[in-house]
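Shown next, in structure tokens, is the structure this report addresses.
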Number of protein chains: 2
Amino acid sequence: MAEQTRWLTEREQRAWLAFLAMERLLDEALDRQLQRDAGMSHAYYRILAILSAAPNHTLRMSELAEQDRASQSRLTHAINRLEQAGWVRREKGATDRRVVHAQLTEAGYEVLRQTAPGHVEAVRANLFDQLSEEQVDQLRNICEAVLTKLEADHGPARVPRRD
Amino acid sequence: MAEQTRWLTEREQRAWLAFLAMERLLDEALDRQLQRDAGMSHAYYRILAILSAAPNHTLRMSELAEQDRASQSRLTHAINRLEQAGWVRREKGATDRRVVHAQLTEAGYEVLRQTAPGHVEAVRANLFDQLSEEQVDQLRNICEAVLTKLEADHGPARVPRRD
DNA sequence: TGCCAGAGGTTGAAAGTTCAATAGAAGTGT
DNA sequence: ACACTTCTATTGAACTTTCAACCTCTGGCA
């Protein structure tokens, strides 16, 4: 024991602080744009976008949660809201009565269609327009590397066997 | 008008989705670690860490908000909590009676001191250990570029002159 | 002095998120 | 058939964040 802490190097520290700041400001910028132009949060936009890419604009709650990297509880609450807004509809599974399917409504698809261009423009303006093509690939590689680690750690919600 | 939307390219799309997923999982991982080992959220840790780096472990509310990239309201609420926990103390400005100084208490410094190694280890394990040295610099450059843009847009709360 | 616009913070309510507990349905074995 | 366990999703309470309204103090200026 008594390993001494491997503190962050100067360069790591700078990268980390820049990342934290950038992440917060970027999220806020996207939220502000969507809230202003569509009365919708980025969180909800993401859900609608994921649904719109699914077959029949429909996904089971758990599948939706996984693609959104959100907890099931978070999704339940979010879908409650989106249902109230008339943008998503719930339907119980026909075969397995435990599952619930969330489906984009016409209105939901429409609002997404109208909102998407402004949102994409904001993502461009704030992120991709600031980066070279190389940097876009660098960013992807960095995120995918970290993602791999995070999902390896986290995916195993199924307990590690010891038999 | 009627500009047609510049949708994201395939590569941009992949970078964007990876970024969103990574950001969410990383935040959750850090929050879980701090919550588990110290009963503290990452949001609070950040505030304590910023204060600990300030002269006399003290900062005005607005300065703290700026360094944390948080709204003043958010900070007020957070400092309320941290004050209840006994980790931060408020003090009114002596000269300008409007300002409030937030100061780390002994207990606050102590909890930060004990918590920091575990947190740094988590940041390392989840982020920097997954990256090459080059990638660390790439990440910093990317984040700083985006940050520059975001702060240029946002800093000007002071209205853009047109005289 | 006295008015007032603006700066610095706080407040309370609404909305969003987390966490642990729960309900209900489907498999599993006896 | 029955009891058990697991899977899927929801619930409600506690906590966090946002948003707009508000309070207090300062500095400018007539």
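Just so we're on the same page: letters track the sequence lines, and every chain starts at 1.
- Here dT18(C) presents its P atom at 18 Å from CE of Met40(B), a figure rounded to the nearest Å.
- Looking at heavy-atom distances under 4.0 Å, Ser73(A) makes contact with a base.
- Between Gln33(B) atom CD and dT18(C) atom P there is a gap of 17 Å when expressed in whole angstrom units.
- By the criterion of side-chain heavy atoms lying less than 4.5 angstrom apart, applied directly or through intervening Ile, Leu, Val, Met, Phe, Trp or Tyr residues, Phe19(B) is grouped together with Val123(B) in one hydrophobic cluster.
- The side chain of Ser71(B) lies closest to dT18(D), out of dT10(C), dT8(D), dT18(D).
- In terms of phosphate contacts, Arg60(B) brings a side-chain nitrogen or oxygen within less than 4.0 Å of OP1 or OP2 of dG9(C).
- A close approach under 4.0 Å does occur between a side-chain nitrogen or oxygen of Tyr44(B) and OP1 or OP2 of dT16(D).
- Residues Thr5(B) and Pro117(A) share a closest heavy-atom pair of OG1-CB, 3.2 Å.
- Nucleotide dT11(C) holds its C1' atom 13 Å from the CE atom of Met61(B), rounded to whole Å.
- One finds no side-chain N or O of Arg74(B) lying less than 4.0 angstrom from the OP1 or OP2 phosphate oxygen of dC19(D).
- Across the protein-nucleic acid pair, Asp31(A) atom CG and dT17(D) atom C1' stand 11 Å apart, rounded to whole Å.
- When rounded to the nearest whole Å, the span between CZ of Arg69(A) and P of dT17(C) equals 17 Å.
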Using distance only, find each side-chain donor-acceptor pair of residues 11-18 of chain A under 3.5 Å and give its atom names and separation, not counting sequence neighbours.
unit_1	atom_1	unit_2	atom_2	d
Arg11(A)	NE	Asp137(B)	OD1	3.3
Arg11(A)	NH1	Glu133(B)	OE1	3.1
Arg11(A)	NH2	Asp137(B)	OD2	2.3
Glu12(A)	OE1	Thr9(A)	N	2.9
Glu12(A)	OE1	Thr9(A)	OG1	3.4
Glu12(A)	OE1	Arg124(B)	NH2	2.9
Glu12(A)	OE2	Arg124(B)	NH1	3.3

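- Take the nearest nucleotide of DNA chain D for Asp96(A) and for Arg32(A): the residue whose nucleotide is more 5' is Asp96(A).
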Determine, stepwise, if the pair Glu23(A) / Met22(B) fulfils side-chain contact (heavy atoms from CB on, under 4.5 Å). CA-CA 11 Å; Glu23(A) 161 183 61; Met22(B) 176 268 219; over 6 Å; no
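- Rounded to a whole Å, the CG atom of Leu75(B) is 14 Å from the C1' atom of dT18(D).
- An OP1 or OP2 oxygen of dG27(C) is reached within less than 4.0 angstrom by no side-chain nitrogen or oxygen of Arg98(A).
- Between the P atom of dT17(C) and the CZ atom of Arg24(B) lies a distance of 7 Å, rounded to the nearest Å.
- Ser62(B) has a side-chain polar atom (N or O) that falls below the 4.0 Å cut-off from OP1 or OP2 of dG9(C).
- Here the nucleotide nearest the side chain of Arg97(B), chosen from dT26(D), dT18(D), dT16(D), is dT26(D).
- When each of dA9(D), dG16(C), dT10(C) is scored by its nearest atom to the side-chain atoms of Arg81(A), the top-ranked nucleotide is dG16(C).
- Nearest-nucleotide assignment on DNA chain C puts the 5′-proximal partner with Ala43(A), out of Thr95(A) and Ala43(A).
- Among the candidates Asp68(A), Leu147(A), Leu150(A), the single residue satisfying the side chain to side chain contact (heavy atoms under 4.5 Å, CB included) test with Arg24(B) is Asp68(A).
- Between Gln35(B) atom CD and dA14(D) atom P there is a gap of 16 Å when expressed in whole angstrom units.
- For a distance-only test at 3.5 Å, the side chain of His77(B) qualifies as a donor-acceptor partner of the base of dG12(C).
- When heavy atoms are screened at a 4.0 angstrom cut-off, Arg90(A) is found touching the sugar-phosphate backbone but no base atom.
- A salt bridge does not link Asp96(B) with Arg60(B): none of the charged nitrogens is closer than 4.0 Å to a carboxylate oxygen.
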